[in-house]
Student: 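Structure in structure tokens, see below.
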Number of protein chains: 2
Amino acid sequence: MNDAHRSGCPINLSLEVFGDKWSLLILRDMIFGGRRHFRELLTRSEEGISSNILADRLKMLLDEGMITKTDDPSHKQKAIYSLTEKAIELLPIMAHLGSWGRKWLAASEELSIRAQLLEEGGPPLWEKFMAELRVEHLGAPANDPAGPSVRETLQAAYEEVVARQAMERAGA
Amino acid sequence: MNDAHRSGCPINLSLEVFGDKWSLLILRDMIFGGRRHFRELLTRSEEGISSNILADRLKMLLDEGMITKTDDPSHKQKAIYSLTEKAIELLPIMAHLGSWGRKWLAASEELSIRAQLLEEGGPPLWEKFMAELRVEHLGAPANDPAGPSVRETLQAAYEEVVARQAMERAGA
DNA sequence: AATATGTGATTGCAAATTGCAACTGGTTGC
DNA sequence: GCAACCAGTTGCAATTTGCAATCACATATT
């Protein structure tokens with residue numbers, strides 16, 4: 001962290017922040033999964049992150065200004081992690097990573113549906129999602145009263161695919 | 001490489017391919033720097049990659065189908081590395097990484113100018129660049145006869161900034 | 001009051017990865 | 001013939017990763 005940067009290239013500097021196998025997955029789970037607590041991130045991780053790695057990355061993301069940490073009033077030991085604007089603006093990168101991975105790699109159908117919807121929705125949908133994240137994480141004033149949130153829409157699509165898959169397995 | 005994937009999430013699968021500190025930098029140097037040979041990638045690396053890491057990553061990128069390797073007719077020991085369509089389609093991600101890094105991190109001016117121009121040009125400019133990369137790396141038919149290539153334009157802008165910086169240092 | 005469970009981590013340790021520096025075996029240019 | 005160039009490889013120390021157990025404390029259950 002204290003070391004000098006390898007270069008002043010913006011791509012390199014970005015990779016110095018989140019160029020590893022876990023950091024973006026933690027942010028993905030906060031953005032798309034709505035995770036706010038250590039335990040949620042730990043036990044509901046699709047990839048099975050271990051607690052030492054999670055703790056280390058959360059500290060790093062905190063140092064880098066990607067997230068903030070506040071006390072949960074409901075429980076003295078509970079911490080609430082929030083995204084900063086800096087992290088919220090990674091959403092377009094997440095969307096592109098999802099599209100690229102869906103196209104070129106063997107992504108599972110149920111975990112690809114979100115990427116597909118984000119790709120179809122394009123930048124306007126990303127902006128709507130980012131606006132919702134600003135309300136949720138930064139306390140921005142809410143002015144989108146009507147309809148389900150983008151996360152809810154994505155989540156519902158995911159569950160629909162899972163339900164259909166269960167039907168197909170049963171019917172086969 | 002042979003291990004099972006951690007999950008079928010397209011973002012995770014993408015990170016399993018290039019979620020490290022070097023892979024995207026090598027592809028960046030091929031895309032924006034026009035590097036095609038091992039030695040070029042090694043000695044003209046802004047970040048100073050070491051030869052064992054470079055060799056390892058080139059092999060991995062080869063295995064993953066991100067690049068191909070052919071003999072250079074001019075020299076029996078020279079290899080030419082080419083981007084595949086899979087890698088060329090990372091350009092939008094590179095552009096976003098550059099924009100994000102330029103906005104949120106302490107990127108140097110001369111290495112940010114390319115990111116700025118790519119951001120201003122938007123998806124149409126990315127598509128033009130990708131078309132040029134397909135001509136250069138995939139042997140696609142060239143049908144853009146007029147004007148400088150996108151890489152040339154970006155390179156010229158970089159050199160202009162460097163020249164101006166030298167003037168300012170001299171004049172200060 | 002005692003016990004179980006939930007909380008965000010930390011610790012110990014083995015394995016894997018990284019990164020520096022030197023080196024290899026071969027090709028080409030002078 | 002000899003220096004320079006080519007794509008790597010090798011040895012080794014330092015760092016990072018990842019699993020499993022554990023910690024100190026807070027709250028819920030009985």
Side-chain angles (χ1 to χ4, degrees), chain A residues 1-7 12 15-26 29-30 33 35-64 66-82, chain B residues 1-7 12 15-26 29-30 33-64 67-82:
Chain A
M1 219 70 63
N2 295 336
D3 296 349
H5 296 298
R6 301 184 299 181
S7 85
N12 171 60
L15 292 176
E16 288 188 16
V17 174
F18 51 78
D20 70 273
K21 296 267 189 287
W22 291 110
S23 301
L24 280 182
L25 296 185
I26 294 169
D29 285 351
M30 292 182 71
R35 313 281 150 76
R36 304 296 295 267
H37 305 292
F38 188 96
R39 223 67 180 187
E40 281 182 311
L41 287 163
L42 183 68
T43 62
R44 300 173 61 199
S45 160
E46 191 80 30
E47 290 82 12
I49 194 170
S50 56
S51 59
N52 54 343
I53 304 286
L54 177 57
D56 177 86
R57 291 306 188 281
L58 285 173
K59 186 159 49 174
M60 181 274 291
L61 291 171
L62 218 43
D63 289 344
E64 294 285 350
M66 305 288 286
I67 58 176
T68 56
K69 182 182 177 182
T70 55
D71 292 339
D72 186 329
S74 77
H75 191 301
K76 282 186 184 173
Q77 274 185 315
K78 228 169 169 176
I80 301 176
Y81 290 99
S82 301
Chain B
M1 219 70 63
N2 294 335
D3 296 349
H5 296 298
R6 302 184 299 181
S7 87
N12 170 61
L15 292 177
E16 288 188 15
V17 174
F18 52 78
D20 70 273
K21 297 268 188 287
W22 291 111
S23 301
L24 280 182
L25 296 186
I26 293 169
D29 286 351
M30 292 183 71
R35 311 282 149 75
R36 304 295 295 266
H37 305 292
F38 188 95
R39 224 61 182 186
E40 280 182 312
L41 287 163
L42 183 68
T43 62
R44 300 174 59 200
S45 161
E46 192 79 30
E47 290 83 13
I49 194 170
S50 57
S51 59
N52 55 342
I53 304 287
L54 177 57
D56 178 85
R57 291 305 189 281
L58 286 173
K59 185 159 50 173
M60 181 275 289
L61 291 170
L62 218 44
D63 289 344
E64 294 285 351
I67 58 177
T68 57
K69 182 182 176 181
T70 54
D71 291 338
D72 186 330
S74 77
H75 190 302
K76 282 188 182 170
Q77 274 184 316
K78 230 166 167 177
I80 301 177
Y81 289 99
S82 301

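In what follows, every chain begins at residue 1, and chains take the letters A, B, ... in the order their sequences are listed.
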Student: Find the distance A:Glu47:CD to D:dT17:P and express it as a whole number of Å.
Tutor: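 Whole-Å distance recorded here is 16 Å.
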Student: Taking N and O atoms by type only, does the side chain of B:Ser51 place a donor or acceptor under 3.5 Å from a partner on the base of D:dT9?
Tutor: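 Looking at the base of D:dT9, it does pair with a donor or acceptor on the side chain of B:Ser51 (distance under 3.5 Å).
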Student: In whole angstrom, give the distance that lies between atom CG of B:Asp71 and atom P of D:dC6.
Tutor: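 The answer, rounded to whole Å, is 15 Å.
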Student: Round to the nearest Å and state the distance from B:Asp72 atom CG to C:dG26 atom P.
Tutor: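 Going from CG in B:Asp72 over to P in C:dG26 covers 20 Å.
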Student: Indicate, with a heavy-atom threshold strictly under 4.0 Å, whether B:Arg6 touches base, sugar-phosphate, or nothing.
Tutor: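 It contacts nothing in the nucleic acid.
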Student: Working to the nearest 0.5 Å, report the span between CG of B:Leu24 and CG of B:Asp29.
Tutor: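 Separation between the atoms: 11.0 Å.
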Student: Select one nucleotide: of C:dT27, C:dC20, D:dG18, the one nearest the side-chain heavy atoms of A:Ile53.
Tutor: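 Of the options given, the side chain of A:Ile53 lies nearest D:dG18.
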Student: The side chain of A:Gln77 is closest to which nucleotide in this list: C:dG19, D:dA7, D:dA26?
Tutor: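 Selected nucleotide (nearest to the side chain): D:dA26.
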Student: Of all the nucleotides listed (C:dT7, D:dT9, C:dT18), which has the minimum atom distance to the side chain of A:Arg39?
Tutor: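 Nearest nucleotide to the side chain: C:dT7.
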Student: Measuring to OP1 and OP2 of C:dT7, would you say a side-chain N or O of A:Lys78 lies under 4.0 angstrom away?
Tutor: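 For A:Lys78, the contact criterion (side-chain N or O under 4.0 Å from OP1 or OP2 of C:dT7) is met.
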Student: Donor-acceptor pair, distance only, cut-off 3.5 Å: does the side chain of B:Arg35 make one with the backbone of B:Arg44?
Tutor: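 Yes: the side chain of B:Arg35 pairs with the backbone of B:Arg44.
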Student: Working to the nearest 0.5 Å, report the span between CG of B:Leu54 and NZ of B:Lys59.
Tutor: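 Between atom CG of B:Leu54 and atom NZ of B:Lys59 there are 12.0 Å.
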Student: Under 4.0 Å between any heavy atoms, over every strand shown, what does A:Asn52 touch: base, sugar-phosphate, or nothing? Just pick one.
Tutor: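 A:Asn52: base contact, heavy atoms under 4.0 Å.
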Student: More 5' along DNA chain D: A:Lys21 or B:Ile80, using each one's nearest nucleotide?
Tutor: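 This one resolves to B:Ile80.
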Student: To the nearest 0.5 Å, tell me how far B:Ile53 CD1 sits from B:Leu42 CG.
Tutor: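 CG of B:Leu42 is found 11.5 Å from CD1 of B:Ile53.
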Student: Taking atom P of C:dG6 as reference, at what distance in whole Å does atom CG of A:Leu42 sit?
Tutor: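 In whole Å, C:dG6 P and A:Leu42 CG are 13 Å from each other.
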Student: What nucleic acid atoms does B:Lys69 come within less than 4.0 Å of, heavy atoms only: base, sugar-phosphate, or nothing?
Tutor: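 Contact class for B:Lys69: sugar-phosphate only.
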Student: More 5' along DNA chain D: B:Glu40 or A:Asp20, using each one's nearest nucleotide?
Tutor: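 By nearest-heavy-atom nucleotide position, the 5'-most residue is B:Glu40.
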Student: A:His75 has an atom NE2; how far is it from atom P of C:dT7, in whole Å?
Tutor: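 The distance from NE2 of A:His75 to P of C:dT7 comes to 6 Å, rounded to the nearest Å.
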Student: Is the distance from OP1 or OP2 of C:dT17 to the nearest side-chain N or O of B:Trp22 less than 4.0 Å?
Tutor: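 Result: no.
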Student: Side-chain contact, heavy-atom cut-off 4.5 Å: A:His37 with A:Ile80?
Tutor: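 A side-chain contact exists here, since the closest heavy-atom pair is under 4.5 Å.
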Student: Distance check needed: C:dG8 C1' versus A:Ile49 CD1, whole Å only.
Tutor: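 After rounding, the reported distance stands at 14 Å.
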Student: Rounded to whole angstrom units, what separation is found between the CG atom of B:Asp56 and the P atom of D:dT10?
Tutor: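 Computing the B:Asp56:CG to D:dT10:P distance gives 13 Å.
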Student: For the pair made of NZ in B:Lys76 and C1' in C:dG25, what is the distance, rounded to whole Å?
Tutor: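 Taking atom C1' of C:dG25 as the reference, NZ of B:Lys76 is at 15 Å.
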